[in-house]
Every structure is written in C-alpha cells, then in structure tokens.
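Atom set for the values below is all heavy atoms of this structure, side chains included, hydrogens, waters and symmetry mates excluded.
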Amino acid sequence: MGLIEACAATFPDARWQRCGVHFYRNVFSKVPRSKMRDVAAMLKAVHAQENHPEMQKKDASVGEALREMKLGDAAKIVDSGIHETLSYFAFPSEHWRRIRTNNRLERLMKEIRRRTRVVGAFPDGQSAVM
C-alpha cells in the first residue's frame, strides 16, 4: 500500500496497473483446486475483450458467475480489484502489450529487495567494521 500511495502522491495523474498474475493468485487462493481451471478461463476472458464497455460487461458477469459457483470470497476479490488490472484499456491498443504487464516494476522491486537484504546484514556499525 505504501508504494501505491507514494506513486499517487508523486504522480497524481498516473494510472495504477496491477500485475495480472498476482491478482489471479489472490483470486485462486479463495478457489478450490477443482474449480481453478474454470475461474482462470473466466478471468482470462475479461482481459481478452476488445474494448472497455465489453470488458465491463464481462467483468460483471464473472462476479455473478463466481457467486453462482458459491465462491463469494473470490467474487469479492474480483469485484474490488479487477479494475486495477485493466488500467491499460485507457491507452491505445498498440500500447496494451507493453502496459498490461508490469515486469519492469517487478524487476525494480526485486533489485530493491536484493539491496536491502545486503544492508540488513550489518545491523550496527561494529558489525560493518568486522
């Protein structure tokens, strides 16, 4: 949440694009293994739409379908967070392929974690000297 708030404060007009893979994982954590394939197909259908109005219709139908399958927790996650994975629809379709994933952000976060772990090896000045 801190990263999202910092981005919003620094770049107020920027759109937040959530990683689709991580969103899917959050949804799948609330879905029984036997129904994962069906839920994955429904979620992929939302992202495969050609334009924003069709995507919104499909998004609503996925939430309803999940409720009918008695997957209320997964439906709540989809209803509250799928719009974050669809920010790329606001841009021209030629850019969708590059904007849709956030691999660059993932690489940046991996580098930050790598560097902070190194710093964590020296909890005080004396251990750094040793």
Side-chain angles (χ1 to χ4, degrees):
M1 290 305 296
L3 180 62
I4 295 171
E5 291 172 3
C7 287
T10 307
F11 306 106
D13 296 331
R15 294 182 174 268
W16 179 260
Q17 173 66 37
R18 184 174 174 185
C19 177
V21 172
H22 291 113
F23 175 72
Y24 282 21
R25 288 179 187 166
N26 289 348
V27 174
F28 292 154
S29 70
K30 304 294 182 184
V31 175
R33 191 157 181 82
S34 62
K35 296 183 181 182
M36 275 191 196
R37 186 169 290 193
D38 297 333
V39 174
M42 287 190 278
L43 292 174
K44 287 178 183 179
V46 173
H47 289 95
Q49 298 304 310
E50 296 291 324
N51 56 43
H52 201 267
E54 289 178 19
M55 177 275 307
Q56 287 178 322
K57 283 190 248 178
K58 191 66 173 176
D59 172 26
S61 69
V62 167
E64 285 299 316
L66 289 173
R67 283 184 196 79
E68 289 173 10
M69 295 171 69
K70 306 230 185 305
L71 299 172
D73 292 339
K76 286 179 189 174
I77 294 172
V78 169
D79 291 340
S80 66
I82 198 161
H83 66 279
E84 293 177 347
T85 66
L86 301 168
S87 298
Y88 65 92
F89 271 105
F91 297 93
S93 60
E94 303 86 48
H95 301 284
W96 287 2
R97 186 172 156 260
R98 297 248 184 226
I99 299 172
R100 186 173 165 177
T101 65
N102 61 352
N103 288 337
R104 292 182 184 138
L105 182 61
E106 293 291 328
R107 284 190 208 111
L108 174 68
M109 295 305 288
K110 185 176 181 179
E111 182 65 15
I112 290 170
R113 279 192 299 272
R114 184 186 70 81
R115 290 182 184 203
T116 56
R117 284 188 189 124
V118 171
V119 173
F122 303 112
D124 61 5
Q126 187 60 31
S127 62
V129 171
M130 294 178 78

Which residues satisfy the side-chain hydrogen bond (donor to acceptor under 3.5 Å, both in side chains) test with E50, sequence neighbours excluded? none
CG/D73 to OG/S29 distance, rounded to the nearest 0.5 angstrom? 9.0 Å
For the student: nearest non-hydrogen atoms of V31 and M36, plus distance: O-CE, 3.7 Å
Residues at least two apart in sequence or cross-chain that pass salt bridge (charged side-chain N to carboxylate O under 4.0 Å, His left out) with E64, listed by chain then number, are R67
Residues passing the ring-ring contact (aromatic ring centres under 6.0 Å, His included) test with F23, sequence neighbours excluded, are none
Please check if the side chain of Q17 supplies one atom and the backbone of S87 the other of a donor-acceptor pair under 3.5 Å. yes
Heavy-atom closest pair, residues G63 and D79: CA-OD1, 3.9 Å
Side-chain heavy-atom pair P32, L71 within 4.5 angstrom cut-off: yes
Rounded to the nearest 0.5 Å, what separation is found between the CE atom of M42 and the NZ atom of K44? 12.5 Å
Non-neighbouring partners of Y24 that pass ring-ring contact (aromatic ring centres under 6.0 Å, His included), sequence neighbours left out: H47
Contacts of E5 that satisfy salt bridge (charged side-chain N to carboxylate O under 4.0 Å, His left out) - sequence neighbours left out: none
Measure the OG1-CE distance between T85 and M55 for me, rounded to the nearest 0.5 Å. 8.5 Å
Find out if a path of hydrophobic residues (ILVMFWY) with successive side-chain heavy-atom gaps under 4.5 Å connects V21 to M109. no
Using modelled atom types only, decide if a donor and an acceptor are shared between the side chain of T10 and the backbone of C7 within a distance under 3.5 Å. no
Between A9 and P12, the two heavy atoms sitting closest are O-CD, 4.1 Å
Q49 side-chain N/O to K58 backbone N/O, donor-acceptor pair under 3.5 Å: no
Given side chains that start at C-beta, do those of L43 and I82 come closer than 4.5 Å, heavy atoms only? yes
Pair R114 + E111: basic N to acidic O under 4.0 Å: yes
Could you grab the distance from atom SG of C19 to atom CD of E84, nearest 0.5 Å is fine? 12.0 Å
Can you pull the salt bridge (charged side-chain N to carboxylate O under 4.0 Å, His left out) pairs that have at least one residue in residues 33-43, sequence neighbours excluded? none
Flag side-chain contact, heavy atom, 4.5 Å: H95 against Y88: no
Could you state the interatomic distance from NZ (K70) to CG (L66), rounded to the nearest 0.5 Å? 13.0 Å
When you group the ILVMFWY residues by side-chain heavy-atom contacts below 4.5 Å and let the links chain together, are V46 and F91 in the same group? yes
